[in-house]
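Lettering follows sequence order; numbering is per chain, from 1.
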2 protein chains.
Amino acid sequence: MRRAQALRDALEQEIITGRFRPGDRLDEQSLAARFEVSRTPIREALMQLASTGLVELQARRGAFVTLLSFKDVVERFEVMAALEGMCGALAARRITQAMQREIEKVHEDCVREASQENADAYYYANERFHHLIYEACQNRFLAEQAAQLHARLKPYRRLQLRARSRVANSLAEHQSIVDAIRDGDGERTERLLREHILIQGERLADFIASFERAA
Amino acid sequence: MRRAQALRDALEQEIITGRFRPGDRLDEQSLAARFEVSRTPIREALMQLASTGLVELQARRGAFVTLLSFKDVVERFEVMAALEGMCGALAARRITQAMQREIEKVHEDCVREASQENADAYYYANERFHHLIYEACQNRFLAEQAAQLHARLKPYRRLQLRARSRVANSLAEHQSIVDAIRDGDGERTERLLREHILIQGERLADFIASFERAA
DNA sequence: AAGCGCATTCTTGTATACAAGAGCGTTGAC
DNA sequence: GTCAACGCTCTTGTATACAAGAATGCGCTT
């Protein structure tokens, strides 16, 4: 069983991959028909998605895929930068030897996948890199919050790692972050990670701005 | 209508005020009977509370009031300190004249209520003070996140403002925060707010530690 | 012809009925 | 007497039926 959970994942995927687009209405009945379940687990799944911010529930009007404005996205990247910076600061001070080695290993994975120009593999290695930093902060709650917002920004982050120069810069930034953590320098790690994320946010902001201008 | 929402608020209050204590099981049937509604809106309310972290849903086992360990609370205060610090930093750089005046006014309210030794009134004035800083950051998402975690920590925060000396110190800290914001000094505001929150966290940690030792 | 109002219909919100898994007690065997 | 297994019950998870609010379209009136 546990249909609601499965539905949650399925809908999340469809939203992230663009099957449903921001602003789209999610009709309970048609979803129930399509997945061949009753409305009950559909409603549960929608409420769970609403709690993560992926959809919005309007009273008596139904569920809609959250439509983030330009400002909304910038705001979230601002917070993401702060959270990741904090993770980094704590990680640099608290990290274990084993964790340190693991991060270095995953960083090497990133380098390898980038050199092979395997976009998807690089994307996933990059994701593991960031998740390791979340976990290394030794604050489970912070790690969860960071991971959740990270996931929430996924649809927007994927848009931008196309430019090859960005990948090269990103790797250089990762390297200096790894170094800063190894040195146990919390402040430097925090600053580097903040900038690393904010650059992404700014890139994306440029992208969205050009997109909105075209529309 | 909108029973689920009303139930959510009612249950939240009962948890915050201690009618239900951390670890308690929340039985759907008995709640439905007590509130004279069916299980459906009860389930909705419980899921909403779960999304904010106030209760935990265990699959096939039901809902339990979240029992935060000592470590859990410390972790949350660590994050709260960072979020509030960030709010303060942004607020100091972005605050409007009107907002500045409003914060000063509420700060004066805090001073007045404290001098009258009206614990509840002071508590609420203090809460308004912090919420104003959240809003002043001009990042709606950050403000929401901060407010949510703030609310989440409410049951734990109330335990500790008993000591009179803490109130006096707290007011002095508020004053220097107001000054730092007026000066537009983001870094100083951030540092002061972080410390202001972390002190609360440490006080509470001491309290919990002594409590757990006694038990 | 245009605007307002009413009714119909569609959708969400709530109640109830049903299914299935988990825990617990009892009973039987060793 | 103790341990294990079986079955019962209790609770959650899902389906369906019902109620109520919101939107839309049609008709009537001016």
Self-check item: His174(B) and His196(B) side chains, donor-acceptor separation under 3.5 Å
Solution: yes
Practice problem: Answer yes or no: does a side-chain N or O of Arg60(B) lie under 4.0 Å from OP1 or OP2 of dG23(C)? | Solution: no
Practice problem: To the nearest Å, give me how far apart CG (Leu7(B)) and P (dG13(C)) are. | Solution: 14 Å
Quiz item: Out of dG13(C), dT11(D), dA15(D), which has the shortest distance to the side chain of Arg25(B)?
Solution: dT11(D)
Quiz item: What is the distance, rounded to the nearest whole Å, between atom CG of Leu26(A) and atom C1' of dT11(C)?
Solution: 14 Å
Quiz item: Does any donor atom in the side chain of Tyr122(A) or Glu117(A) lie under 3.5 Å from an acceptor atom in the other side chain?
Solution: no
Quiz item: What is the distance, rounded to the nearest whole Å, between atom CZ of Arg61(A) and atom P of dT9(C)?
Solution: 21 Å
Quiz item: Rounded to whole angstrom units, what separation is found between the CZ atom of Arg39(B) and the P atom of dT16(D)?
Solution: 16 Å
Exercise. State whether a side-chain donor-acceptor pair under 3.5 Å links Glu104(B) with Gln100(B).
Key: yes
Practice problem: Send over the distance from Leu57(B) CG to dT11(D) P, rounded to a whole Å. | Solution: 17 Å
Quiz item: Nearest to the side chain of Pro41(B) - dT11(D), dG13(C), dA15(C)?
Solution: dA15(C)
Self-check item: Whole-Å distance separating the CD atom of Glu28(B) from the C1' atom of dG13(D)
Solution: 9 Å
Self-check item: Of Gln29(B) and Glu36(A), the one whose closest DNA chain D nucleotide lies more 5'
Solution: Gln29(B)
Quiz item: For dT14(C), does OP1 or OP2 lie under 4.0 Å from any side-chain N or O of Thr40(B)?
Solution: no
Quiz item: Are Arg166(A) and Glu173(A) ion-paired here, with the side-chain N under 4.0 Å from a carboxylate O?
Solution: yes
Quiz prompt | Atom-to-atom span, CZ of Phe64(A) to P of dT12(C) - whole angstrom | solution = 9 Å
Self-check item: Between P of dA15(D) and CZ of Arg43(A), the distance in whole Å
Solution: 14 Å
